[in-house]
There are 2 protein chains.
Amino acid sequence: MKRFFAALMACGLASLAAAEEGMWTFDNPPVKQLQQKYNFTPTQEWLDHLRLSSVRFNDGGSGSFVSATGLVLTNHHVALGQLQKVSSPQKDYVADGFLARTPEEELKCPDLELNVLVSMENVTDRVLAAVKPGMSEKQANDARKAAIAAIEKESMEKTGLRSDVVTLYHGGEYWLYRYKKYTDVRLVFAPEQQIAFYGGDPDNFTYPRHDLDIAFVRAYEPDSTTPARTPIHFRWNPAGAREGDLVFVTGNPGSTSRLFTVAQVMYERAYRHPLIIQILEAQREILRAMAARGPEAEREVRDELFSVENSLKAFRGQYAGLQDTLLLGRKIRWEREFRGRVEADPALRTAYGDVWDRIAAIQAEKLEVSPRLNASNPEFFPAPHLQLATLLVGYLRERARPEAERPERFRGENLRQVEQILRGAPEPDREESARLLARRLAILQTWLAPDDPLLREAIAPGESPEQAARRLVNTSTVGDPARRQALLAAGPAALDTTTDPLLHLARRMDDEFRRLQPRWQEITASERIQQERLARALFAVYGTRLPPDATFTLRITDGVVARYPYNGTFAPPHTTFYDLFGRSASFRNEMPWTLPASFAARRTAIDLATPLNFVTTNDITGGNSGSPMIDREARIVGVVFDSNMEALPHEFLYGTESGRAVGVHSAGITEALRNIYQARALLDELLGARQP
Amino acid sequence: MKRFFAALMACGLASLAAAEEGMWTFDNPPVKQLQQKYNFTPTQEWLDHLRLSSVRFNDGGSGSFVSATGLVLTNHHVALGQLQKVSSPQKDYVADGFLARTPEEELKCPDLELNVLVSMENVTDRVLAAVKPGMSEKQANDARKAAIAAIEKESMEKTGLRSDVVTLYHGGEYWLYRYKKYTDVRLVFAPEQQIAFYGGDPDNFTYPRHDLDIAFVRAYEPDSTTPARTPIHFRWNPAGAREGDLVFVTGNPGSTSRLFTVAQVMYERAYRHPLIIQILEAQREILRAMAARGPEAEREVRDELFSVENSLKAFRGQYAGLQDTLLLGRKIRWEREFRGRVEADPALRTAYGDVWDRIAAIQAEKLEVSPRLNASNPEFFPAPHLQLATLLVGYLRERARPEAERPERFRGENLRQVEQILRGAPEPDREESARLLARRLAILQTWLAPDDPLLREAIAPGESPEQAARRLVNTSTVGDPARRQALLAAGPAALDTTTDPLLHLARRMDDEFRRLQPRWQEITASERIQQERLARALFAVYGTRLPPDATFTLRITDGVVARYPYNGTFAPPHTTFYDLFGRSASFRNEMPWTLPASFAARRTAIDLATPLNFVTTNDITGGNSGSPMIDREARIVGVVFDSNMEALPHEFLYGTESGRAVGVHSAGITEALRNIYQARALLDELLGARQP
């Protein structure tokens with residue numbers, strides 16, 4: 001999960017609304033749906049119990065109280081940052097795992113804050129009342145911000161609780177969320193990373209899977225040495241769930257915006273996704289070439305290569321979703337429905353009827369500007385010689401202007417650093433540089449018109465990108481520090497007389513980038529405005545009948561344990577310890593399928609048929625890592641740690657055909673604690689035998 | 001394997017030539033290739049040893065001698081027919097398995113013939129000499145047949161050996177193959193079908209896989225009670241092969257014709273494959289609807305439903321191959337290369353230069369005729385009421401003609417049966433009939449022009465296929481036996497005056513079918529002629545540098561044990577008993593993942609890490625079932641039993657990216673015989689400890 005969601009979030013991918021999706025807020029749970037789908041009626045008491053047993057990890061992630069004395073279950077990869085911080089060269093808790101056999105052995109997490117959502121209050125009227133008629137958009141915005149700050153401050157002073165005003169439905173509602181805050185949190189248990197992240201990057205966000213991706217921490221009462229009193233917590237179901245069972249997930253999904261219009265989806269499909277895939281493929285090829293030089297080089301680039309391959313896996317899955325006509329058809333029907341309702345109501349039509357066409361027009365503009373902006377962007381797939389040339393051009397042009405008007409990188413200390421590089425950096429490897437430049441030119445060639453001036457500046461008629469790159473790098477003198485120093489001395493006028501082809505190209509790029517960059521900012525700003533209007537239209541039509549976009553606040557989703565079609569047959573509803581040992585044996589225990597010593601040593605002590613991981617149809621996303629998976633009786637049956645690859649298109653539209661949430665099964669956790677880690681006290685606490 | 005190849009063979013799918021493919025004859029082994037690829041030089045002695053240790057199962061399949069006393073290893077599914085024949089209501093050897101603990105307990109196979117290829121002789125000159133200048137194509141054909149028959153008879157009389165003249169390279173070469181024949185063959189061992197075909201239809205031709213698809217039989221000397229003396233046999237390698245190891249497969253691949261032109265591939269892609277998939281999907285939907293009526297109905301259609309789903313799996317895999325631009329690009333390049341060589345040689349150009357264009361023209365004709373032929377074919381996706389109507393039309397028209405001119409189904413006893421049906425058959429269920437007819441009409445609608453006369457006869461303007469089918473069935477009287485009897489009495493003239501819409505449709509279909517059927521036969525005959533010319537061109541250009549199409553004769557192929565990319569990660573080079581028990585536990589031992597009692601009982605007695613199945617890059621196809629997999633020292637490391645899904649496109653072009661042959665690992669066989677079946681004597685014989 002970690003790498004997958006990180007990659008997607010970094011790219012700011014938004015997603016789409018669906019009818020079945022289910023990240024509901026606790027003030028508006030889908031009671032009717034649950035009754036219809038499962039004949040299950042959640043009581044307010046049951047809902048409160050879930051909410052108060054759920055924990056937010058403030059640095060991203062979820063968890064839950066699983067004992068009356070503050071014990072919290074989460075993922076190993078959610079606790080990983082703290083594990084790294086408490087480790088030392090002598091004690092590597094990441095590699096070796098950690099178990100506190102007594103309260104005294106628990107290790108204090110350096111900077112972990114846990115939040116429990118203790119109350120929710122609708123403050124929409126108060127926030128909206130701050131906006132007076134006649135205010136400009138900026139004034140209104142400032143007024144809302146001021147109102148929100150006042151509410152938060154007032155609540156904080158009154159209750160002493162962390163108080164956040166949360167914007168839901170893109171401003172359709174504002175809620176005051178109050179959290180009980182725990183800042184004294186201690187590590188109780190973590191397995192070896194090799195079993196928490198078993199199968200490593202290759203197996204990451206795939207299923208069948210075999211990861212013990214769990215960790216236990218304990219919340220302590222503030223300013224005391226007493227474990228937190230948590231009489232409200234989830235009980236432990238050591239048998240866990242089986243196929244067909246209803247499962248709820250509570251947690252804090254990070255961000256979704258399932259609001260993309262069809263035009264936006266088509267932009268992703270036509271340009272952004274294939275471009276990102278192209279870049280990742282180019283990076284992979286370069287890294288593979290580096291790795292092929294020898295074992296030492298291979299080790300150096302291994303992590304980066306894995307990370308690129310993982311991003312490729314994610315984006316290709318996304319792209320497949322974008323090309324899936326079934327999925328796209330559903331999205332088109334959904335938009336037609338929504339738009340039809342807006343069109344049918346005169347007031348809504350006047351207010352929002354034009355939003356789809358406006359967004360579509362913006363996509364056309366993006367499609368026109370974006371390839372040229374990327375072509376002129378010095379940071380886009382950079383090659384060392386071209387970087388030196390663009391830096392030189394930027395420096396010469398910016399130094400002549402007043403400091404306040406320069407971009408950040410050419411001010412003060414930054415400027416001096418740039419100058420140092422330009423004066424002193426030795427010539428980069430020409431061959432390497434030409435290879436990278438060729439890649440950049442080849443990518444640009446895919447997306448620019450053949451007569452694009454920038455392309456013509458870079459590639460002479462009849463040249464291939466490789467030939468052009470070699471010529472540019474070999475005839476340029478920007479690699480030579482002495483030559484650069486001469487240019488620096490000559491000042492910006494030198495750029496007008498130079499015959500250096502890379503400097504010519506860099507100058508044209510700089511011109512083009514200065515021209516296009518503001519236009520791009522305008523386009524994206526107007527897209528944001530239309531996106532907000534679209535969100536208001538959605539709220540006006542559907543109100544709270546659809547769950548709001550994820551906002552890293554507490555949500556509840558329902559689902560069932562279910563196999564799914566895969567590889568021409570079925571992926572099983574759960575995997576077992578048999579499969580874990582099998583996968584290890586199938587790869588002769590090589591990395592990343594090596595078993596930790598603890599597992600190898602205790603093999604005969606465990607019941608191999610015990611479920612280890614399992615899959616459900618719950619609608620989850622990043623931030624749900626560590627979320628409790630619970631049964632109708634609100635007992636723990638597992639902990640969410642990933643999605644399968646087939647769930648990637650859920651970014652665009654949720655569906656239950658084959659996308660699944662992947663969790664660690666509570667029976668597997670129980671078995672591992674009892675028979676591998678022999679964590680008797682911890683297990684007793686989970687099973688309720690010990691209530692100190 | 002069984003179901004997959006059965007389905008493909010039934011459809012007569014031909015396939016394509018590739019550079020890497022490797023079903024080589026023993027007279028022309030790829031010695032240079034083996035030296036280059038593996039630094040391995042096979043000696044003539046080694047090759048002879050392989051040939052004489054390999055066994056052909058005359059009813060389809062392969063095997064090998066694995067002891068000096070006639071013991072033969074093959075697949076359970078190759079021996080299955082014999083197992084069924086020796087079973088009785090009291091003794092179900094298919095379900096329960098079979099083990100002869102002494103020679104006396106071995107069970108005679110009712111009708112099994114094994115062949116061992118003892119000599120090969122090139123008789124091309126003698127066969128071709130039979131053809132004299134000036135002979136017509138038919139005369140030449142007859143002369144060749146006569147020469148072949150004479151050679152076979154002469155050899156048989158001289159040696160007493162089975163003597164077959166084999167046509168290789170589509171007539172480029174003729175070889176006399178002499179076989180030692182064993183007709184007294186006895187069953188030694190077969191496991192329970194539940195473990196031989198573990199995972200059943202869902203897991204069929206997928207991998208990772210967990211099947212003990214093996215059987216042992218013993219050849220006996222003719223007219224004696226002595227086991228065959230087979231001093232030349234494969235020794236047993238109880239450790240088997242591991243990843244990277246070189247593996248040879250010898251066996252009798254049934255049929256390939258990797259000669260399709262790009263135009264033929266495009267016809268498959270444009271019409272034949274999508275049509276077959278459409279038909280299979282329609283069948284599946286109908287069967288699913290039937291199954292949904294209740295558990296009894298579900299049981300009744302279960303086997304057929306699985307079979308349809310398996311065919312769907314196979315054809316979708318094929319179709320995916322046809323749509324894979326990488327694969328298609330390789331095929332196009334290969335054809336360009338081949339055609340370029342023909343064009344470059346004046347003699348070849350005159351002889352064969354036009355063959356590609358001719359085949360392309362034939363495909364265009366097929367594309368025009370085939371949909372209309374299917375539309376008028378009464379056997380195409382039949383619905384009961386329409387069947388009655390077409391039968392009535394056919395009967396009335398044919399009965400008036402002399403018997404000799406009628407098609408087979410309207411002659412003698414057949415005619416009387418048709419008459420009985422027409423006179424007596426009660427009305428079929430109208431709803432069911434309308435549903436099937438609607439499906440047929442919907443399929444036709446996809447492929448016929450909107451103004452096609454037959455389509456217009458069936459579907460009124462504005463009608464959906466469902467509405468049309470309901471109208472046709474409900475307004476027709478062909479369901480009523482009395483009404484049919486009246487029509488039979490009135491004779492063919494009644495067809496001209498009837499207002500029954502189904503009879504109108506049936507009459508038009510009959511007209512159309514009589515018109516198109518001969519044309520279709522002409523088209524396919526001329527395609528066969530061009531295909532032969534293409535084969536001659538291939539032989540003229542490449543000679544024996546490419547292996548000939550498979551002809552159910554002995555071939556050798558090389559490959560290595562290799563993981564492959566799948567499901568976002570890697571499929572392992574081998575599976576283990578861990579995985580088998582894991583898959584069972586993951587599905588809570590439900591069918592078809594139920595373990596046989598023997599495995600469940602002996603679980604603790606076996607080393608679960610033992611490899612069970614494994615994958616190699618060998619180029620195989622139907623007929624290779626039961627083929628020995630051997631190492632450099634000609635020791636058994638496994639037995640072929642299937643391909644993975646990714647190998648489906650090998651029908652069109654062989655490649656090693658992810659297509660794999662799947663075998664049972666020799667270590668797994670050894671472990672099962674020793675610790676599950678406790679077949680001590682059999683194991684001793686395999687390991688060479690016992691040489692009676």
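Below, each value reflects all heavy atoms present in this structure, side chains not excepted, and no hydrogens, waters or symmetry copies. All of these numbers come straight from a predicted model, not from anything done at the bench.
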Q: Provide the closest heavy-atom pair for A:G568 versus B:T206 in the form atom of the first, atom of the second, distance.
A: C-CG2, 4.0 Å
Q.
Check this for me: A:Q323, atom CD, are more than 12 non-hydrogen atoms of other residues, nucleotides or ligands nearer than 6.0 Å?
A. yes
Q: Against chain A, label B:F614 side chain, backbone, both or neither, depending on which of its atoms sit under 4.5 Å from a heavy atom there.
A: neither
Q | Whether over 12 other heavy atoms sit under 6.0 Å from B:R674 CZ | A | no
Q) Of A:D201, A:N204, A:D203, which is the lone residue that meets side chain to side chain donor-acceptor pair (under 3.5 Å) with B:T569? A) A:D203
Q: Locate the shortest heavy-atom distance separating B:R583 from A:F570; write the atom from each residue and the value.
A: NH2-O, 3.0 Å
Q. Out of B:R588, B:M645, B:E243, which one racks up the most heavy-atom pairs below 4.5 Å with chain A?
A. B:R588
Q: Show your working on salt bridge (charged side-chain N to carboxylate O under 4.0 Å, His left out) between B:E590 and A:R563 and close with a plain yes or no.
A: CA-CA 13 Å; B:E590 73 180 39; A:R563 73 184 68 185; 2.7 Å; yes
**Q.** Contact leader toward chain A among B:G582, B:P202, B:S586, where contacts are heavy-atom pairs under 4.5 Å
**A.** B:S586
Q: Mind running side chain to side chain contact (heavy atoms under 4.5 Å, CB included) on A:F581 and B:L608 for me, showing each step along the way?
A: CA-CA 9 Å; A:F581 282 90; B:L608 294 168; over 6 Å; no
Q: Taking all non-hydrogen atoms of both residues into account, name the closest pair between A:P572 and B:F587 and its distance.
A: CA-CZ, 3.4 Å
**Q.** Contacting moiety of B:P208, where chain A heavy atoms sit under 4.5 Å
**A.** both
Q) Does any non-hydrogen side-chain atom of A:E646 lie less than 4.5 Å from one of B:N567? A) yes
Q) Of all of A:L580, A:T610, A:T576, which one pairs up most often with chain B through heavy atoms under 4.5 Å apart? A) A:T576
Q | Contact winner vs chain A - B:R242, B:R316, B:E309, heavy-atom pairs under 4.5 Å | A | B:R242
